[in-house]
Novice: 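Submitted below is the structure of interest, expressed as structure tokens.
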Amino acid sequence: MNDEINNKPIRLRFAPSPTGGLHLGGLRTLLYNFLFVQQQGGKLILRIEDTDQKRFVAGAEQYIFECCQWLGINIDESVQHGGEYGPYRQSERKALYQQYVQQLIDGGLAYYAFDTPEELDAMRESFKSVLPHDQIQYDQKTRMKMTNSLTLSAEETKKKLDNKTPFVIRIKMPEQEQIVLPDAIRGAVHFDSQLLDDKVLMKADGLPTYHFAVVVDDYLMKISHVLRGEEWLPSAGIHALLWRYLGWEKDMPIWIHLPLILKPDGNGKLSKRDSERLGIPIYALQWKDATSGDLIEGFKEKGFVPQALSNFLALSAWNDGSTQEVFSIDELIQKFSLERLHHHSAKFDYEKAKWYNETYLQQMPTTALTDCVKNCLVTKQIQHHYTDTQLEELVELTKARCQLINDFYDQNAYLFHKPTSIDTAALTGKWNADKKKLFEQLIVVFEQANNFSHDVLHHTLQEFCATQNIKLGEIQLPLRVMLVGGKFGIGVTHILALIGKKESIERITNGLNALSTIA
RNA sequence: GCCGCGUUGGUCAAUCGGCUAAGACGCCACCCUUUCACGGUGGAAUGACGGGUUCGAUCCCCGUACGCGGUACCA
């Protein structure tokens, strides 16, 4: 549809800054970029926006690729995949930007500014009395009072440049002009150039700012659609103006500004702090914070499968208009549409995310799920002697109660080690010396049993109850409490079969000791 | 302050002028189950406010309020 209008190949880019872990919002932007590209048969470019060396974090770039891999997101062009529009790291494109700023300067659309940070501060101070509130910025109201190539003569400017005086290059905002940014989901967004400041295009270190680099790179990389976060909308007017100033207006990509993901509670954008504060993941994969040294768990470490995260994320700012909520990646690719993207922010609902994961776990083939559980047990360093067949059996029996992979251990810990305490209160009033004798006899029966499988045990218990002339229900609860420590868990005969004869007898014996205090 | 974007239950949301306002998560109750879950059935719970436009506004327009974002030689 859009490709026909523009008559140009579909090329999208995801352009993160390597300044830390990739959080939920970035992940979702990445996912939407991917879905659209897959649907349209286009290309997805991953561009590293590392123009701020001060904020560079080692490892952040590699981490982004790892997230893509875990989520199954295919990148066509990047520092790792290559491509004909490289380099794909902005710091390596430094020389490329030069000719385009020069073009703007020659056209009188940008200018050199020599003001030092101190002079800028002084300017802000001095204008406090004449300008309303704090709308003091480097703009058409103030630029003629500053040290720049607009106020200096050509010779003076040349002298400063020859002397290697530090400078930045600023855009010269037009005096009075309506700038229109066509956003595919929000319609035309208008900006008044009079209220916009003369943004820095090139910094003193010779690297471009974001505003200049995106425009140049999106043009050179032939980007057809820009799907990025809403935090860019206020500066999108400047980007649109630059596309025009550089003479590329007819090649301008289609803009789509995605809503933000907000804190689950309270107000504001979801942040790293919320992850720690609420114990919820916000990264796909664990991220080690370089400054604090803290290791922050991601969705993967919490026990999510990537398909569930993708599905949850995809539906957090889009739906197909039906009541369907569970979509495979292929369905998402097929049904995704720009038109149905939401344009308002929403709170992050971790409960819902877990529900998605639960849904995916229930649908997974037992063998695949068992593999996940085995990995989980390894990372948790849980010692056990279960065979693969037994683990598969356990997965089948317990998956209905698991939302996260880790739940297979957390919910079934009693299958891996003896209960640390016995909830004797659960049996108050239901325990006496007669019951104790009953269980002592049961131990004898178990000791003589030569088949400890689940179905045989079922008959064994029934026969035992018949000979004792009691109902099965009378021994079930005490037996459960002795085996697992409380009123929870899967069926008792399954527990007995899984932990085995020796372990079962030990637990009953221990249980009888613990219960002697209430009898 | 200024600029931009938003505003349907506790949360996520459907509707594209006809509403007795879907559905999901969460919550509650009951059923199933001599445990806990799963499952099943049911329930409570929503259009920020004020003006228009219209036979009719959740839906369109204008204000107000509120929320979010931006306002850097950060992205």
Side-chain angles (χ1 to χ4, degrees), chain A residues 15-19 49-52 54-55 90 113 115-117 120 131-138 166-170 181 183 186-187 189-192 194-197 199-211 213-214 228-237 257 259-260 262-265 267-269 312 315-317 319-326 342-356 358-359 362 397-403 407 411 423 426 430 471-481 483-484 486-492 495:
Chain A
S17 287
T19 55
E49 310 231 320
D50 57 346
T51 53
D52 186 359
K54 296 187 291 292
R55 296 209 309 158
Q90 285 181 332
D115 317 275
T116 63
L120 288 173
L131 281 173
H133 305 109
D134 48 332
Q135 359 165 342
I136 299 152
Q137 48 183 16
Y138 208 117
F167 67 89
V168 298
I169 298 170
R170 290 179 180 272
L181 189 278
D183 183 286
R186 294 166 202 269
V189 181
H190 299 261
F191 301 93
D192 182 351
Q194 219 176 114
L195 302 167
L196 265 19
D197 66 334
K199 278 264 168 324
V200 170
L201 264 23
M202 293 296 269
K203 298 184 277 189
D205 63 6
L207 280 165
T209 57
Y210 172 85
H211 306 295
V214 250
R228 69 201 334 179
E230 193 184 20
E231 69 268 28
W232 294 113
L233 197 50
S235 46
H257 290 91
L260 269 16
L262 272 20
K263 295 178 193 301
D265 61 336
N267 305 321
K269 203 158 71 153
F312 166 72
L315 271 282
S316 71
N319 64 65
D320 74 345
S322 75
T323 57
Q324 185 177 351
E325 291 193 281
V326 179
H342 301 163
H343 42 272
H344 61 265
S345 305
K347 289 179 178 159
F348 171 41
D349 186 352
Y350 186 51
E351 289 303 319
K352 189 74 184 235
K354 284 195 288 190
W355 174 81
Y356 268 106
E358 181 188 336
T359 306
Q362 307 313 319
L397 284 168
T398 61
K399 70 176 182 181
R401 63 191 68 223
C402 294
Q403 284 195 305
D407 289 341
Q411 299 271 332
D423 181 11
K430 295 173 186 167
K471 285 183 186 166
L472 189 59
E474 282 190 59
I475 61 162
Q476 265 183 338
L477 187 65
L479 184 53
R480 165 180 304 284
V481 171
L483 292 172
V484 312
K487 290 168 70 175
F488 52 84
I490 53 174
V492 279
I495 299 168

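Since this is a predicted model, take the numbers as computed values, not measurements. Keep in mind that the numbers below use all heavy atoms, side chains included, and drop hydrogens, waters and symmetry copies. So you know, we letter chains A, B, ... as the sequences are listed, proteins then strands, and number each from 1.
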Novice: Output the single nucleotide from B:rG6, B:rC68, B:rC73 whose closest atom is nearest the side chain of A:R186.
Specialist: B:rG6

Novice: From C-beta outward on A:K352, which listed nucleotide comes closest to its side chain: B:rA24, B:rC74, B:rC3?
Specialist: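 Side chain of A:K352 sits closest to B:rA24.
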
Novice: Of the candidate nucleotides B:rU11, B:rG67, B:rA75, which contains the atom at the shortest distance from the side chain of A:K347?
Specialist: B:rU11

Novice: Does any nucleotide pair with B:rC68 by Watson-Crick or G-U wobble geometry, both distances under 3.5 Å, and what is it?
Specialist: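 Answer to the pairing question: B:rG4, which forms a Watson-Crick or G-U pair with B:rC68.
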
Novice: Mind checking who B:rG18 pairs with, Watson-Crick or G-U wobble, both distances under 3.5 Å?
Specialist: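 Pairing partner, where one exists within any strand: B:rC55.
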
Novice: Taking the side chain of A:D52 as its heavy atoms from C-beta onward, which of B:rC74, B:rC73, B:rA13 lies nearest to it?
Specialist: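 Nearest to the side-chain atoms of A:D52, counting from C-beta on, is B:rC74.
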
Novice: Given B:rC74, B:rC5, B:rC68, identify the nucleotide with an atom nearest to the side chain of A:K203.
Specialist: B:rC74

Novice: Can you see if the side chain of A:H342 gets near the phosphate of B:rA14 - specifically, an N or O under 4.0 Å from OP1 or OP2?
Specialist: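 Indeed, a polar side-chain atom of A:H342 lies that close.
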
Novice: Looking only at side-chain atoms of A:P234, point me to the closest of B:rA13, B:rG69, B:rA24.
Specialist: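 Given the options B:rA13, B:rG69, B:rA24, the side chain of A:P234 is closest to B:rG69.
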
Novice: Within a strict 4.5 Å, meaning less than it, do heavy atoms of the A:V189 and A:H257 side chains meet?
Specialist: no

Novice: If you check the A:K269 side chain, which of B:rC3, B:rG69, B:rG6 turns out closest?
Specialist: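 For A:K269, the side-chain atoms sit closest to B:rG69.
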
Novice: Among B:rA75, B:rC73, B:rA13, which nucleotide has an atom closest to any side-chain atom of A:A346?
Specialist: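 Among the listed nucleotides, the one closest to the side chain of A:A346 is B:rA13.
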
Novice: Taking pairing as Watson-Crick or G-U wobble with both contacts under 3.5 Å, can you name the mate of B:rG50, or confirm there isn't one?
Specialist: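 B:rC62 - that is the nucleotide pairing with B:rG50, both distances being under 3.5 Å.
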
Novice: B:rG23, B:rC3, B:rU7: which one has an atom nearest the side-chain heavy atoms of A:E325?
Specialist: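 Of the options given, the side chain of A:E325 lies nearest B:rG23.
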
Novice: Which nucleotide sits closest to the side chain of A:E351: B:rG23, B:rA13, B:rG26?
Specialist: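 Minimum distance to the A:E351 side chain belongs to B:rG26.
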
Novice: Counting Watson-Crick and G-U wobble pairs only, both distances under 3.5 Å, name the nucleotide matched with B:rC25, or none.
Specialist: B:rG10

Novice: Across all strands shown, which nucleotide pairs with B:rC74 by Watson-Crick or G-U wobble geometry, both distances under 3.5 Å?
Specialist: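 For B:rC74, the partner nucleotide comes out as none, under the 3.5 Å rule.
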
Novice: Using side-chain heavy atoms (C-beta onward) and a distance below 4.5 Å, is A:Y356 in contact with A:E325?
Specialist: yes

Novice: Does A:Q476 offer a backbone N or O that forms a donor-acceptor pair with the side chain of A:E474 under 3.5 Å?
Specialist: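 Pair absent, no side-chain N/O of A:E474 close to backbone of A:Q476.
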
